[in-house]
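A short worksheet on the structure shown next.
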Amino acid sequence: MKFRYLLLLVLSVFAFTGCKSGGSNQNDGPTDPIVPDQDVISQIRIESKYYPAGFEQSLQDNMDYFLDGVGVSTLAHIPFDHVLVNDGEVVPSSYTNISAIALYINVLIQMIEYGDEAAITRLGTVLDKLEQAPKWNGLFYWLYQVEGSSLTINNTAIASAVDNGIMSFTLAGLYGALNNHTDERLNQLSLRAEALINQQVPGWKVLYDSNRGFLRAGWSREDHAYLSYHVDRKANESRLATLWAVMITDGQVPYTAFTDMTLVRGGVSVAAQI
């Protein structure tokens, strides 16, 4: 699969607006590699060139959401969907979403590029969770419950085309960044990402609605039925799903599912102000 240049696209989609790393960003030179005894992320560092001038601390503060025990489960090693702060107490959500995991993968890739050995271990763990997670025709569910070290689903689970599109581009970026790497550990991680991508193909094929000519928005486990609407031009991140479905199915989802997407229009009435 030719994903060599997709990492740049993925990082453009997931621009780290307001993210932070837990270490100093003054020196790009990675320290001597230390293979961690345990799977623990206690600081986040990426190359300083990714820190916009005047925005360094804001970027670092936001990336620190992905520290263990902050926005990432210390048991599942997966980011929570969100955390709340109530009277100074951090209360994480009981679930995650697949797009949040995709963003986390992009952070880990940049940490690996910086030379962070702990990020290599963690990326392997995240792929473990994705491989073990319940799926629908190879596609991930939008939300997963975080139960101890496992990801589970409930009866209301939805396999979302939009969120799977985000994850698919992320896995392709992972492949492009690490495939044929001189470090065989990283090469193996890329092959695992490729396997997850290939397993999704049946799901993308059946999401295509040949009667309407568009990609369905997803599938509901509760209703045992497709969602009633289709992917249109309303949002950039939504369109990624159709674009990916066309590419990964070798045209079995025709390119017209992307080029002929409906344009959403609406009227607005503005009352006169006196």
Beyond-backbone contact of Tyr104 with Val126, side-chain heavy atoms, under 4.5 angstrom: yes
Atom pair CG (Leu227) and OG (Ser160), whose distance is rounded to the nearest 0.5 Å: 7.5 Å
Exam field: side chain Lys205 to backbone Ala245, donor-acceptor pair closer than 3.5 Å: no
For the student: nearest non-hydrogen atoms of Gly124 and Arg192, plus distance: O-NH2, 3.4 Å
Considering all heavy atoms, the nearest Asn164-Ala159 contact: ND2-C, 4.4 Å
Glu147: partners by side-chain hydrogen bond (donor to acceptor under 3.5 Å, both in side chains), with sequence neighbours left out: Thr152
Steps toward side chain to side chain contact (heavy atoms under 4.5 Å, CB included) verdict (Leu178, Asn187): CA-CA 6 Å; Leu178 305 182; Asn187 187 49; over 6 Å; no
Option from Asp128, Asp116, Asp68 for which salt bridge (charged side-chain N to carboxylate O under 4.0 Å, His left out) with Arg122 holds: Asp68
Sub-4.5 Å side-chain heavy-atom contact between Asp39 and His77: yes
Side chain proximity check, Trp136 to Val206, heavy atoms < 4.5 angstrom: yes
Close side-chain approach of Phe66 to Ile44, heavy-atom, < 4.5 Å: yes
Whether His224 and Trp219 hold their rings parallel, tilted or perpendicular, with breakpoints at 30° and 60°: perpendicular
Atom of Thr96, atom of Pro79 and distance for their closest heavy-atom approach: OG1-O, 2.6 Å
Sub-4.5 Å side-chain heavy-atom contact between Glu131 and Leu196: yes
CA sep, side-chain torsions, deciding dist, call: Phe258, Thr242, side chain to side chain contact (heavy atoms under 4.5 Å, CB included): CA-CA 6 Å; Phe258 180 78; Thr242 304; 3.9 Å; yes
Donor-acceptor under 3.5 Å (Thr125 side chain, Thr121 main chain): yes
Interatomic spacing from CG in Leu151 to OG in Ser73 - rounded to 0.5 Å: 9.0 Å
Sidechain-backbone polar pair: Thr256 side chain, Thr259 backbone, donor-acceptor under 3.5 Å: no
Taking every non-hydrogen atom, the tightest pair across Leu171 and Phe140: CD1-CE1, 4.4 Å
Closest non-hydrogen atom pair between Gly69 and Thr74, with its separation: N-CG2, 3.5 Å
Name each donor-acceptor pair under 3.5 Å that joins a side chain in residues 80-89 to protein atoms two or more places apart or in another chain, with its distance.
| unit_1 | atom_1 | unit_2 | atom_2 | d |
| --- | --- | --- | --- | --- |
| Asp81 | OD1 | Asn97 | ND2 | 2.6 |

Verdict with supporting geometry, Ile158 and Arg221, side chain to side chain contact (heavy atoms under 4.5 Å, CB included): CA-CA 6 Å; Ile158 290 173; Arg221 186 169 186 257; over 6 Å; no
Least distance between heavy atoms, Leu108 atom then Ala119 atom: O-CB, 3.8 Å
Interatomic spacing from NZ in Lys129 to OG in Ser150 - rounded to 0.5 Å: 6.0 Å
Electrostatic pair Arg185:Glu117 at N-O distance under 4.0 angstrom: yes
Contact check, side chains of Leu139 and Leu207, non-hydrogen atoms, under 4.5 Å: yes
Under 3.5 Å: donor-acceptor pair, side chain of Glu56, backbone of Gly54: yes
Phe169 and Trp244 aromatic centres sub-6.0 Å: yes
Rounded distance [0.5 Å steps], OH in Tyr141 versus OG1 in Thr156: 11.0 Å
Any donor-acceptor pair under 3.5 Å from Arg216 side chain to Tyr208 backbone: yes
Nearest-0.5 Å distance, CE of residue Met167 to CD1 of residue Ile197: 10.5 Å
Verdict with reasoning, Val72 to Ile41, per side chain to side chain contact (heavy atoms under 4.5 Å, CB included): CA-CA 9 Å; Val72 173; Ile41 299 290; over 6 Å; no
Lys/Arg cation over aromatic Tyr114: Arg45, 6.0 Å, 45° cone: no
Heavy-atom side-chain proximity of Ile105 to Leu174 below 4.5 angstrom: yes
Any Glu237 side-chain heavy atom under 4.5 Å of Val162 side chain: yes
Main-chain N/O of Arg233 paired with Arg239 side-chain donor or acceptor, under 3.5 Å: yes
Spatial distance of atom OG1 (Thr182) from atom CD (Glu184) [nearest 0.5 Å]: 10.0 Å
